[in-house]
Amino acid sequence: MTVKTRFAPSPTGYLHIGGVRTALYSWLHARKAGGKFLLRIEDTDRERSTQASVDAILDGMKWLALDYDEAPVYQTDHFDRYKVVIQQLVDQGDAYPCYCSKEALETMRDQQRANKEKPRYDGRCRDRTTPKEGVDPVIRFRNPTEGEVVIDDLIKGKVVIANKELDDLIIARSDGTPTYNLTVVVDDLDKEMSHVIRGDDHINNTPRQINIMHALGKNPPQFAHAPMILGDDGKRLSKRHGAVSVMQYRDDGFLPEALINYLMRLGWSHGDQEIFSREEMIELFDVADVNGAASIFNSEKLLWLNQHYIKTLPVATLIEQLQWHLTHQKLDVSKGPALSDVIEVQRDRAKTLVDLVASSRYFYEDFESYNEKAAKKQFKTATPNIMQAVHDALSSLTHWETGEINDVILATCEALSLKLNKVGPPLRVAVTGTAMSPSLDTTLYLVGRERTLERITKAIAFNRAKYA
RNA sequence: GUCCCCAUCGUCUAGUGGUUAGGACACCGCCCUUUCACGGCGGUAACCGGGGUUCAAGUCCCCGUGGGGACGCCA
């Protein structure tokens with residue numbers, strides 16, 4: 001049997017971290033087996049589905065490089081097909097019309113709750129033979145009342161649910177449109193899915209879906225229910241609670257490599273290994289190794305992974321990922337040092353791409369003011385004279401390169417009988433506006449001769465004015 | 001409330017009957033160092049509780065407890 005998996009989000013909001021993880025697991029499972037991975041948009045709730053959400057899902061998948069093998073499937077394109085299946089179930093006697101009003105159902109559930117029972121449909125229209133005038137009925141699936149459903153879940157193991165715990169779920173609304181449990185079954189069957197990998201918030205739906213599949217004379221696929229991701233407070237991460245769009249991670253300066261690595265490793269492991277390339281992921285992943293327990297999302301570790309990838313990914317990849325940030329943080333890198341050179345010297349001190357851009361700005365732009373703390377600490381009464389000496393020495397340089405810059409700074413220290421720690425720090429503030437940068441020689445080299453000298457001159461003026 | 005799932009350091013996890021219970025993030029200390037980082041070395045820190053089974057239990061079973069999920073004409 002060829003392996004076929006799908007990711008089936010509903011377009012009622014952005015794509016968030018939990019969705020991405022099940023998408024990743026499905027993708028990995030298919031890729032490992034050389035099978036197919038499909039994207040299906042579950043847009044049967046026309047009230048809440050939006051095109052913006054569809055776009056957000058597509059964008060997210062693209063950014064994370066989770067590619068699918070066929071054009072995305074939209075369930076709204078399958079309404080005719082669902083109608084046929086619903087009719088078939090009715091004709092077989094496996095489904096029936098129910099005329100109960102929403103209000104009647106609500107009071108029924110309230111009563112059950114009051115009796116400390118599980119709220120569920122009591123089957124009052126099961127054996128009804130006459131329609132109720134003027135009421136458009138919903139269609140309910142006639143769930144078996146006896147026996148049990150066994151799910152051989154790849155992650156959870158054997159899960160047994162008694163049919164008497166299940167009620168007759170609605171498969172078609174009163175307006176005739178199909179509901180989730182019906183559409184999932186039809187599409188998974190029609191597309192011949194071999195494995196359904198989804199969040200375990202769906203595990204209660206699974207026995208119902210299996211029963212529908214059996215009523216249709218089909219064998220269910222293999223299921224794998226991945227546990228939820230929890231927030232820092234141990235509560236389920238949801239759109240309402242702490243979960244943000246994956247694109248927010250892009251905006252915050254995370255690399256897709258880091259996010260994917262983090263998500264795969266959250267609830268899954270391969271011994272002590274923390275870092276996985278895509279190839280390794282595909283090679284080593286086995287859905288059966290996914291942990292059955294929910295796990296808490298830890299952004300510190302994500303940050304660490306992000307830093308790791310900033311440090312180790314090819315510069316070309318970083319440049320590619322940096323484009324969006326350069327545009328959005330409005331940093332023009334066309335005039336100044338080569339971006340690749342800046343990345344090389346800055347990558348060890350950035351946790352995110354946002355940091356990287358922000359802390360590299362002085363290579364390309366002059367700054368209006370000095371970092372207050374840095375200026376206060378490093379600019380003293382003696383600064384103008386020291387800076388003047390440095391300026392004179394640097395301006396006499398014939399070759400603007402790190403070795404010579406370094407020599408000149410050291411020589412100036414000697415000439416002034418000062419230690420480097422009296423000269424270096426103020427010079428750094430003068431040239432970068434901040435207290436942190438790569439080594440001085442490298443920094444000055446990349447900032448460039450002209451800009452360096454200009455900035456030193458400015459710092460002299462600034463300090464003269466300050467101490468006048 | 002009912003049903004389902006789960007339970008090792010603060011967090012992510014390794015562990016598949018006999019381990020000084022390992023790794024990673026975070027935290028702390030030391031080293032490196034022209035700042036900030038990177039890096040190196042070291043440290044604090046865990047088997048939810050109670051019963052069984054067994055010569056032996058973090059590992060198997062049961063019961064608690066705790067956490068999560070589900071209980072829609074949402075998906």
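In what follows, chains carry the letters A, B, and so on, assigned in the order in which the sequence lines appear, proteins first and then strands, with residues in each chain numbered from 1.
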Fit a plane to each ring of His225(A) and Phe223(A), take the angle between them on a 0 to 90° scale, and name the class: parallel (under 30°), tilted (30 to 60°) or perpendicular (over 60°). parallel

(Q) Categorize Cys100(A) for me: base, sugar-phosphate, or nothing, with a 4.0 angstrom heavy-atom threshold over every strand shown. (A) base

Going 5' to 3' through nucleotides 24-30 of chain B and flagging B where a protein heavy-atom sits under 4.0 Å of the base, S where only the sugar-phosphate is that close, and - otherwise, we get BSS----

Do we get Arg278(A) above Trp27(A)'s six-membered ring, with its NZ or CZ under 6.0 Å from the centre and within 45° of the axis? yes

(message) Heavy atoms only, 4.0 Å cut-off, all strands: where does Ser174(A) land among base, sugar-phosphate and nothing?
(response) base

Taking a pair to mean Watson-Crick or G-U wobble geometry with both distances below 3.5 Å, G58(B) pairs with none

Checking all strands, does Gly267(A) fall into the base, sugar-phosphate, or nothing category for heavy-atom contacts under 4.0 angstrom?
sugar-phosphate

Practice task
Taking the six-membered ring for Trp and the single ring otherwise, decide whether the centroids of Phe462(A) and Tyr370(A) are under 6.0 Å apart.
Solution key: yes

- Query: Do the rings of Phe285(A) and Tyr25(A) sit parallel, tilted or perpendicular, given the 30° and 60° boundaries?
  - Reply: parallel

Winner on side-chain proximity to Arg236(A), out of U13(B), C73(B), G68(B), is G68(B)

- Closer than 4.0 Å, any side-chain N/O of Thr434(A) to the OP1 or OP2 of U35(B)? no

Distance check: side-chain N/O of Lys311(A) vs OP1/OP2 of G39(B), anything under 4.0 Å?
-> yes

Handout entry: Check: His202(A) ring centroid to Tyr180(A) ring centroid under 6.0 Å
Key = yes

Nucleotide N/O of nucleotides 2-8 of chain B paired with protein N/O under 3.5 Å:
residue, atom, partner, partner atom, Å
C5(B), O2', Lys156(A), NZ, 2.6

Next on the checklist: Counting the atoms with a prime plus P, OP1 and OP2 as sugar-phosphate, which does Ser439(A) contact under 4.0 Å by heavy atoms, base, sugar-phosphate, or nothing?
Outcome noted: base

Review point. Checking all strands, does Arg428(A) fall into the base, sugar-phosphate, or nothing category for heavy-atom contacts under 4.0 angstrom?
Key: base

Next item on the list: With heavy atoms under 4.0 Å as the rule, sort Ile296(A) into base, sugar-phosphate or nothing.
Entry: sugar-phosphate

- Message: Categorize Lys235(A) for me: base, sugar-phosphate, or nothing, with a 4.0 angstrom heavy-atom threshold over every strand shown.
- Response: sugar-phosphate

According to a strict under-4.0 Å criterion, is Ser359(A) in side-chain N/O contact with OP1 or OP2 of C36(B)? no

Would you say Ser269(A) places a side-chain N or O within less than 4.0 Å of OP1 or OP2 belonging to A14(B)?
yes

Discussion item. Please classify the nucleic acid contact of Arg109(A) as base, sugar-phosphate, or nothing, using heavy-atom distances under 4.0 Å.
Written reply: sugar-phosphate

Check for me whether the distance between the ring centres of Phe141(A) and Tyr96(A) falls short of 6.0 Å.
no

Would a line drawn from the ring center of Trp268(A) to the ring center of Phe276(A) be shorter than 6.0 Å?
yes

Separation of C71(B) atom C1' from Asn115(A) atom CG, nearest Å, is 16 Å

- Cation-pi, Tyr74(A) ring and Arg40(A) (6.0 angstrom, 45 degrees): no

Any base atoms under 4.0 Å from Leu440(A), or only sugar-phosphate, or nothing? Heavy atoms, all strands. base

| query | Reckon Lys102(A) has a side-chain N or O less than 4.0 Å from the OP1 or OP2 of G72(B)? | reply | no

Asp441(A) has its side chain closest, among G69(B), C12(B), U34(B), to U34(B)

Heavy atoms of Ser49(A) and Glu42(A) approach each other most closely as OG-O, 4.5 Å

query = Under the 3.5 Å rule, do the base of C36(B) and the side chain of Arg349(A) count as making a donor-acceptor pair?
reply = yes

Tested for ring pair (Phe, Tyr, Trp, His ring centres under 6.0 Å) against Tyr262(A), the lone hit among Phe297(A), Phe254(A), Trp304(A), Tyr309(A) is Phe297(A)

Distance between C1' atoms of G17(B) and A56(B) (Å, rounded) | 7 Å

Of the listed A75(B), U34(B), C36(B), the closest approach to the Asn406(A) side chain comes from U34(B)

Applying the 3.5 Å cut-off to both distances, the Watson-Crick or G-U partner of C38(B) turns out to be none

Practice item. Evaluate the side-chain proximity of Leu318(A) to Arg347(A): yes if any heavy-atom separation is below 4.5 Å, no if none is. Key: yes

query: For Pro438(A), which contact category applies under a 4.0 Å heavy-atom criterion: base, sugar-phosphate, or nothing?
result: base

Rounded to whole Å, CD of Gln75(A) lies from P of A75(B) at a distance of 9 Å

With syn meaning chi within 90° of zero and anything else anti, the base of C41(B) is anti

query: Which is true for His225(A) with a 4.0 Å heavy-atom rule: it touches a base, it touches only sugar-phosphate, or it touches nothing?
result: nothing

Here the distance between atom P of G72(B) and atom CD of Glu103(A), to the nearest Å, is 15 Å

Contact string for nucleotides 58-66 of chain B, one letter per nucleotide 5' to 3', B = base within protein heavy-atom range under 4.0 Å, S = sugar-phosphate only, - = neither, reads ---------

